[in-house]
Amino acid sequence: MALQLDIKRIKGLQTPLYYYDLGVLHQTLTDLQKNAEPHGYHVHYALKANSNPEILHMVRQFGLGADCVSGNEVKRALECGFAPESIVFAGVGKSDEEIILALDADIFCFNCESRQEIRVIDELAAQRGKQARIALRINPNVNANTHKYITTGLEENKFGINVWELDKTLETLKKSSNIQLVGLHFHIGSQILDLEAFKGLCTRVNEIQQWFYGHHIIVDHINLGGGLGVDYHHPDEHAIPDFKAYFDIFQKFLEPRPKQKIHFELGRAIVAQCGSLISKVLYVKKGVKTNFAILDAGMTELIRPALYQSYHKIESLTPRKGEGEEKYDVVGPICESSDCFGKAVELPVVKRGDLIAIRTTGAYSEVMASFYNLRTKAPAVYAEVSVIS
Ligand code: LLP
């Protein structure tokens with residue numbers, strides 16, 4: 001599936017801009033649903049990946065729930081029509097105000113990350129005469145084999161409750177009369193391409209479930225988090241992640257208790273490939289060893305290469321026939337040397353004014369934009385499903 005860029009439409013617009021192909025999103029969601037439904041799996045979309053209302057409306061239409069990590073994300077999910085009972089609220093540092101907002105909205109569940117947080121939620125729920133449903137986020141100590149900044153399931157990471165704290169956590173729960181334990185939650189990291197890591201997660205979850213069973217506890221649901229990676233190198237050939245292979249791993253290796261529901265929280269796999277950052281070449285400059293293509297988009301619009309050394313495919317949307325190719329360091333205008341989207345990128349000769357697409361920016365791009373250098377927020381432009389299908 002090639003990117004369907006409505007170039008004519010883009011040409012007249014101010015750049016940089018985030019371009020979202022809702023047709024790709026629609027196909028991704030269709031495929032996700034096709035593969036999750038037969039197993040009865042329930043997917044919450046992780047708003048942190050992209051919280052644009054247009055994206056959220058489509059995600060909701062497919063019946064997904066919402067996974068939020070801030071009070072504002074909970075508000076956004078509600079505004080975009082997600083039912084409160086489909087919203088989970090995670091995060092290591094929920095403020096009192098955020099907890100109150102979620103309690104008042106009667107969300108499905110808090111994913112709790114520490115004993116102290118359980119006590120705070122209990123207290124705030126008691127003040128409101130409510131019962132708060134929670135899942136314990138347990139740190140499974142499973143290596144996700146991904147970038148160290150997006151690994152979350154190791155004991156050294158700040159996330160979740162460590163297994164050696166579970167005894168004490170049960171004591172805390174016994175004393176918390178306004179808390180109802182309904183689930184166990186796990187998340188080992190993001191951009192995971194080695195599916196073996198999820199097999200490791202299943203094995204660990206089975207052991208942890210056994211421990212709870214030994215303490216006469218069977219929770220209603222197990223939430224296995226997100227993390228399925230996408231192909232940043234081949235966005236057209238692999239526009240849709242292999243949801244089948246992903247869910248099959250859990251089907252094969254996870255041992256749920258009878259009637260236990262299985263939840264996921266996918267972000268990147270759903271939205272990454274539907275987005276491209278569109279930018280214009282401002283200047284082409286000869287360096288000592290290389291040419292620089294200086295764009296009007298920078299790390300303020302897409303921080304992933306600077307932060308995680310991540311690869312994004314870069315394409316010229318203004319290819320010139322017969323002028324050959326050159327290698328460019330594709331950089332932005334921001335006053336930082338790390339403001340670089342790719343080194344020695346082979347592109348058809350580029351000139352001032354050419355349009356460039358940086359692919360696979362539907363996830364963790366616009367949401368991570370910053371105002372550094374007093375930059376203006378880049379707008380989002382959407383290709384509707386009908387335009388492209
Ligand atoms: N659930 C929890 C508890 C999470 O922490 C995350 C992501 C997700 C679900 C969704 O994970 P996904 O399916 O999108 O991998 N900014 C980084 C990614 C940070 C991911 C944070 N947590 C990046 O640009 O690669």
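Start at 1 and go down the list; that is how both ligands and their atoms are numbered.
Between H187, E113, Q191, R304, it is H187 that holds the heavy atom closest to atom 5 (O) of ligand 1. Looking at F264, Y308, F186, Y45, it is Y308 that brings a heavy atom closest to atom 23 (C) of ligand 1. Nearest to atom 25 (O) of ligand 1 by heavy-atom distance, out of H185, R268, M368, is R268.
Inclusion of G227 in the set of residues having an N or O under 3.5 Å from an N or O of ligand 1 is warranted. For ligand 1, the polar-atom distance check against R137 finds no nitrogen or oxygen pair separated by under 3.5 Å.
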Residues E326, E346; criterion side-chain contact (heavy atoms from CB on, under 4.5 Å); working and verdict: CA-CA 6 Å; E326 287 235 31; E346 206 161 284; over 6 Å; no
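Taking the six-membered ring wherever Trp is involved, the centroid distance between the rings of Y246 and F264 falls below 6.0 Å.
Across all non-hydrogen atoms, the minimal contact from F82 to S86 is CB-OG, 3.9 Å. Nearest approach of E366 to N52, heavy atoms of both residues: OE1-ND2, 2.8 Å.
Here D67 pairs with K48 in a salt bridge; the nearest charged N to carboxylate O distance falls below 4.0 Å.
Against a heavy-atom cut-off of under 4.0 Å, G226 is close to the following atoms of ligand 1: 9 (C), 13 (O). Applying the 4.0 Å criterion to heavy atoms of L266 picks out, from ligand 1, the atoms 13 (O). Atoms of ligand 1 lying under 4.0 Å from any heavy atom of A46, numbered from 1 in the order shown and given with element: 10 (C). The contact set between ligand 1 and G267, taken as ligand atoms under 4.0 Å from a residue heavy atom, comprises 12 (P), 13 (O), 14 (O).
Atom OH of Y213 has 12 or fewer neighbouring heavy atoms from other residues, nucleotides or ligands inside a 6.0 Å radius.
Under the 4.5 Å side-chain criterion, counting only non-hydrogen atoms from C-beta, H26 is in contact with F62.
When non-hydrogen atoms are compared, ligand 1 lies under 4.0 Å from the side chain of D67 (C-beta onward) but not from its backbone.
The shortest separation from a heavy atom of A49 to ligand 1 is not under 4.0 Å, leaving the residue out of contact.
Of the candidates E113, E265, E165, E113 is the only one forming a salt bridge (charged side-chain N to carboxylate O under 4.0 Å, His left out) with R137.
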